[in-house]
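Input: a single structure, listed below in structure tokens.
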There are 2 protein chains.
Amino acid sequence: MKSVEKHNKILVSATKVFAKKGFFNARISDIAKEAKVADGTIYLYFNNKFDILISVLEEEIGKIIEQIQKAIKKETDPHKMLTIFVHKHLAAMKQNKNLAEVIHIELRQSDKLVKEYRNKTFKQYIDLISEIIRLGQEQHIYRKEIMPGIAKRAFFGALDEVSRVWTETSTSSYSLEETTEQVLSLFLFGMIERRD
Amino acid sequence: MKSVEKHNKILVSATKVFAKKGFFNARISDIAKEAKVADGTIYLYFNNKFDILISVLEEEIGKIIEQIQKAIKKETDPHKMLTIFVHKHLAAMKQNKNLAEVIHIELRQSDKLVKEYRNKTFKQYIDLISEIIRLGQEQHIYRKEIMPGIAKRAFFGALDEVSRVWTETSTSSYSLEETTEQVLSLFLFGMIERRD
DNA sequence: GGTAGATGAATGACTATTCATTCATCTACT
DNA sequence: AGTAGATGAATGAATAGTCATTCATCTACC
């Protein structure tokens, strides 16, 4: 097995173990066992336990973020951009449940390095939303009363919590499509019934 | 100092330390120092470290939840109920920042006992939202296409993430009133501009 | 002088990390 | 092609440090 593959195998195993037990309750030996390598081997690929977590965040989440950013930048219509954002985000969360769980749990950690990561890469991600909203406001599509700085958080928080349903229940529950549609419809049209 | 007071003092100190360092990085000696008692004294009031966390969740958050539930049950108008929910939730989060941070971080933990708590008390709290939405749908105030099971999560997730702004920034940032108004307006009317 | 409550040093369990050793694979010389 | 020697990836037992928890002792009040 090539060196890169082993690095990746440890990363995937770590994601699985972190998702199940949480970072602090995860043992290096758990990760080693899951990856079918010796404890010591882990240290040939990562500096320490924390470095593994940071790598999971950086590499795994980074891929998703980059992919979504790229897809959005091809569009100019705010509605379509938001649709892409919601759909891709939820799809990624539903597809990789271990990673989703690590995001839900570990990205909250109060550790300095984790906060740093959250502040850097993650802020950039969330700011995509406020930029789209501002764009929509300039085009008179979205209400000018909306404050993008608050709305971006509400929007992301909603996505984050909604996607949790897939990590915490084993039953099929809501489908990706209906969830996407619901969240979009909620934020675009609101809850109030209107007479045409 | 009476026994009850000391219990409470330890609880408040623990909340502060958990907020700053997170549960796993918090030392019993940190909590003891913060509460100005000896390490051993903690064990006269709590069974173990984890019991302290659970007590923080049960007692501190419990108070807030109960208070909000009570206030809502006095109302019958869905709009007013939601307004109360949003305002009281955000007010509580802004007022007690340490507790807010513990909620943001520790309620996510993958530990069995924490999950149990989340599933029990917390579900009940979130379900308040879906009940209000259903009520509004019956009264033809809210769109019938909205799925309360998804909307309740989106709603709570939004509140949760929005309130984080107060725990992570030291600057005054958004006021309680404008945040409440923004979130409500967002969920009720959506983002789309309409011509009357 | 008896007791409830408080103290904090000592204990011991737990685990991240290290490193001496192994061994499969490669190199280069005959 | 066969072999001696070199390489460094992989191993996992041993180490070393950290803390939650305990408990012998103390304090202060009745």
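Chain naming here is simple, since letters A, B, ... match the order of the sequence lines and numbering starts at 1 in each. Heavy-atom basis, side chains included; hydrogens, waters and symmetry copies ignored. Just so you know, these numbers come straight off a predicted model, no measurement behind them.
At least one cation-pi condition fails for B:Lys6 and B:Tyr45: the charged atom is not both under 6.0 angstrom from the six-membered ring centre and inside a 45 degree cone around its axis.
Distance, A:Lys36 NZ to D:dG12 C1': 18 Å, rounded to whole Å. The nearest whole Å value for the distance from the NZ atom in B:Lys33 to the P atom in C:dT7 is 15 Å. In this structure, B:Ile28 atom CD1 and C:dA9 atom C1' are separated by 16 Å, rounded to whole Å. Between the P atom of C:dT15 and the CZ atom of A:Phe24 lies a distance of 14 Å, rounded to the nearest Å. Between A:Tyr45 atom OH and C:dT17 atom C1' there is a gap of 18 Å when expressed in whole angstrom units. For the pair A:Asp39 CG and C:dA16 C1', the computed distance is 10 Å after rounding to whole Å. A straight line from CG of B:Asn48 to P of D:dC19 spans 17 Å, rounded to a whole angstrom. The distance between atom CD1 of A:Ile31 and atom P of D:dG12, rounded to the nearest whole Å, is 17 Å.
Listed nucleotides C:dG8, D:dA20, C:dA6 differ in distance to B:Arg27; the shortest reach to its side chain belongs to D:dA20. Nearest nucleotide to the B:Lys6 side chain, out of C:dT7, C:dA6, D:dA10: C:dA6. Checked against D:dT11, D:dT21, C:dA16, the side chain of B:Lys49 finds its nearest nucleotide in D:dT21. With D:dT22, D:dA10, C:dT18 as the choices, the nucleotide that has an atom nearest any side-chain atom of B:Tyr43 turns out to be D:dT22.
A salt bridge is defined here as a Lys NZ or Arg NE, NH1 or NH2 lying under 4.0 Å from an Asp or Glu carboxylate O, and B:Arg143 with A:Glu193 fails to meet this definition. By the 4.0 Å N-to-carboxylate-O rule, A:Asp160 lies too far from A:Arg153 to be salt-bridged with it.
Considering only heavy atoms from C-beta on, B:Tyr125 comes within 4.5 Å of B:Phe85 through its side chain.
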